[in-house]
Amino acid sequence: MQFQSCVKIVTEWDIVAARQLGRNVSKELGFGTVDQARITTAISELARNIYLYAGKGKVCIEKINRMGKSGLLIVASDEGPGIADIRKVMEDGYTTSGGLGAGLPGVKRLMDEFEIESVVGEGTEIKAIKWLR
Amino acid sequence: MQFQSCVKIVTEWDIVAARQLGRNVSKELGFGTVDQARITTAISELARNIYLYAGKGKVCIEKINRMGKSGLLIVASDEGPGIADIRKVMEDGYTTSGGLGAGLPGVKRLMDEFEIESVVGEGTEIKAIKWLR
Amino acid sequence: MSFHEEMKHLYKEILANYIQTQNEQVLYQGQKLSRKSLENEISPEDIVSMHKEVIEEIYPDIPERVLHSLDFLLEIMISYGLAHREHQALKNKQRELKSEIEIAVNVQQNLLSTSVPAVSSVDIGAISVPAKQMSGDYYHFVKDENGCVNIAIADVIGKGIPAAMCMSMIKYAMDSLPDSRKNPSYVLENLNRIVEQNVDPSMFITMFYGTYDPFSHLFQYASAGHEPGFYYSAEEDKFYDLEAKGLVLGIDRNVKYSQYETAISSQDMIVLLTDGVTECRVDEEFIERTDIIKLIRKYMHLSAQELVEAVYKELEKLQDFQLRDDFTLIILKRLV
Amino acid sequence: MSFHEEMKHLYKEILANYIQTQNEQVLYQGQKLSRKSLENEISPEDIVSMHKEVIEEIYPDIPERVLHSLDFLLEIMISYGLAHREHQALKNKQRELKSEIEIAVNVQQNLLSTSVPAVSSVDIGAISVPAKQMSGDYYHFVKDENGCVNIAIADVIGKGIPAAMCMSMIKYAMDSLPDSRKNPSYVLENLNRIVEQNVDPSMFITMFYGTYDPFSHLFQYASAGHEPGFYYSAEEDKFYDLEAKGLVLGIDRNVKYSQYETAISSQDMIVLLTDGVTECRVDEEFIERTDIIKLIRKYMHLSAQELVEAVYKELEKLQDFQLRDDFTLIILKRLV
Ligand SMILES: [Mn+2]
Ligand SMILES: [Mn+2]
Ligand SMILES: [Mn+2]
Ligand SMILES: [Mn+2]
């Protein structure tokens, strides 16, 4: 089985733990410094969203291999209130440096692939992948 | 009389001379490193515009004093073709990183005050001031 | 302490800590600081300048060449700082434009608002979602004096603001049609002349106009080059294309439109749509009209309104929440 | 050599040179490099990363702590890099919107186009410049069957897209007025009802309508809350306000408009304008109506068209080339 490891997000300290996990795995996989920093920032952002808006949830990091490429998969999931209008949340230009941090469009930019599934009242699951070049 | 010094812009080397003059004067006036770099970039941009679009002209640097504030005045003048639609040239977002450099809106941003006078067929004069804080 | 001094103080503390520990928690603090400085419109060249000042304070014995290298980095960052400030300006402009468009959207919605007519023997559902803020799709219901349900659906070729301006014209033109003569071919011929006269030649409009008579159970319709809808026969449990021939509006002022009709039995459905529904693209491939039929089948047990909404939700998700064209879907189902 | 390697190679060469010489010419090369990397969408964090790699190559004995400090700087730059990439996306969006608006502007100009009527005994000049791309000002000339020159000038309160959409409505409404009855108070009363019915209550429109009869030399006019124009008496060499009372369009559907008239002698002028002319702001202060008169006097010796253009040029420059409102100025001068 592939490597997978998770961090539960309940307090702000858990954000740091998730970052650390992401940085270690991305270093192991051989990502360069800039990509390490980008992956870590994406994880930080996702964990922070859980901490701020969902209350609790978890961030899992997985090493993946698809069609000869290897990469790092982040899965951030929570059982929070969910997102009613995903189109709006994914819209650009109104979050970054407006006080809310990079937001989900930022995470999408930091990574290569991005997927979101959310059901109001049930929670949100976000998957994001960075491929090794 | 106040200090004033000019550099004629004919070849690309003159751009460097204008930059050097601006950097020296801004250093003398006591501007910080970042402001020195901004003033120099503004001069560079204006001199480059003359070199590229007007063929020849000059850039003058003046130390000024107004109402207790001292500052640096750049006067860039040429006898080139002039600018027909100044409103358009001062419009944002279509020059920077599109290949044309900072453009005039960039110069305006780098400095505190900015003034442009242009007559088609006669030439252009641009004045820009940076105040010491 | 000034804001700059405060930021510098914080930066120094965090940087010194990081140099000693290389600890993830310190980097998290760094990220928060970075966000704060972004919020306060500190430019990247200011960051480099602060970095240089701070490192000189932490290590007075730092080699000269390191300081020179940071001066150089600062110069390089000046263009980035300019782009950054341009970004701020652009964002403000964008915000302004956004609120302007929001007002225009309201103007448009006021103008185009229509409500599904209440007719006890039919169940009608309608959904219309613009790809951008302003729609170039148009639909309108009118229940006329004979109790017939008239349905107009139109699509301006093009999207956004210019399409929306054209759409408003269609609305004025529809309003000025005499109430007494609403048979489909007449309506299209009339609109065609108005469009031909007023709209600039680069704009085309496709339109479908249908009338359902709840007494004779006939659905009469005509089309001006509009994406064909579907007719669902409950008895055969089968979907048919609602084909109708006709030139798009605004090309030839003398064009005539043929009128078609279909008898509607109990539980039959009429599906009207714009090409924003059939031309959904998934991973650069168009979905097929048969995929739309599959989706309709999947939710057919629901009410007409729930049905159109469920189909929209699936297609929205399939497209990664980015509509490429305005999306309008109308379903009419005969109940008894 | 890949693009990244090429950039790094250049960066290394220029940086090494700068550390040795601290020479302005090298910084100029640096600026050009910086511009190139911006054009190629290299992020600021990429620059810092390159800086670190290069300085390590130049000075293998660089202290560890310097490298750590650069790692930290890189982390700080990640948010700036994000803002930078957002900027690219926003710029593309802006470009798209810009071309969309350009098309809409064309649609609008097609719709609102009017030409100055040729009447041998009067000289007419008109200029209309939108503050943003789309105008909320409207003006229109018609020479009617009696040889009278009808002039409409209107201003939607508000600017940009929503105002432009309203303006299109005014045009449709004007077109549908019967040709035979164009006396000013009737025109305004008629338009008022249409506006009241169709425009949402948050929008107001001011309008002035005037008719000049080149045989009786009477100028008849009415105003719906519009900025008053001027009447210039050549004999007295004096400007008078062209006062006219009346409620703005769209508030009360039963309002009546008074009609006024003035006899026009040879060399007299009628000046019509929107508040974008009188409310030019210079350094946060409004200019006065008397300043407009001074400007008109200054250029009065020119033809009517040259006159309005000269006044616009001066006011544009006074405002630093940034119009805060749509600007429309019309001048009619009786020649003989
Ligand atoms: Mn369309
Ligand atoms: Mn379409
Ligand atoms: Mn206006
Ligand atoms: Mn106005």
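Note that these values count all heavy atoms, side chains included, but never hydrogens, waters or copies made by symmetry. Proteins come first, then strands; the chains are lettered A, B, ... in the order of their sequence lines, and each starts at number 1.
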Query raised in the report: Which is it for A/I64 and A/L72 under the side-chain contact (heavy atoms from CB on, under 4.5 Å) test, yes or no, and what are the steps along the way?
Result: CA-CA 6 Å; A/I64 54 170; A/L72 181 148; over 6 Å; no
Requested in this report: Might you work through the side-chain contact (heavy atoms from CB on, under 4.5 Å) test for A/Q4 and A/I61, ending with a clear yes or no?
Outcome: CA-CA 6 Å; A/Q4 199 214 344; A/I61 308 294; over 6 Å; no
Query raised in the report: Passes side-chain contact (heavy atoms from CB on, under 4.5 Å), A/E28 versus A/K63? Steps please.
Result: CA-CA 10 Å; A/E28 276 167 39; A/K63 294 181 188 170; 2.8 Å; yes
Query - Stepwise side-chain contact (heavy atoms from CB on, under 4.5 Å) check, A/I9 with A/V59 - result: CA-CA 7 Å; A/I9 309 294; A/V59 172; 4.0 Å; yes
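Nearest heavy atom pair, residue A/N65 against residue A/S70, reads OD1-CB, 3.7 Å. Heavy-atom minimum distance, A/Y51 versus A/E12: CE1-N, 3.6 Å.
Between the side chains of A/R19 and A/S44, at least one donor N or O sits under 3.5 Å from an acceptor N or O. Side-chain atoms of D/T274 and D/E227 form no donor-acceptor pair, as typed in the model, at a separation below 3.5 Å.
At a heavy-atom separation below 4.5 angstrom, chain A is approached by D/S43, D/E45, D/D46, D/S49 within residues 40-53 of chain D. For residues 65-78 of chain D, a heavy-atom distance under 4.5 Å to chain A picks out D/D71, D/L74, D/E75, D/I78, given by residue number. Interface with chain A: from residues 5-29 of chain D, no residue qualifies, criterion being any non-hydrogen pair under 4.5 Å.
Proximity of A/S77 to A/K58: side-chain heavy atoms (C-beta onward) are separated by under 4.5 Å at one or more points. A 4.5 Å side-chain heavy-atom check between D/Y138 and D/I153 finds every atom pair outside the cut-off. You'll find the side chain of D/D326 stays beyond 4.5 Å of the side chain of D/V129, heavy atoms only.
Residue D/E196 qualifies as enclosed at atom CD: its count of foreign heavy atoms under 6.0 Å is above 12.
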Side-chain atoms of residues 124-133 of chain A: list all donor-acceptor pairs with protein atoms under 3.5 Å, sequence neighbours left out, distances to 0.1 Å.
| from | atom 1 | to | atom 2 | distance (Å) |
| --- | --- | --- | --- | --- |
| A/T124 | OG1 | A/S118 | OG | 3.0 |
| A/K130 | NZ | A/L110 | O | 2.7 |
| A/W131 | NE1 | A/E113 | OE2 | 2.9 |

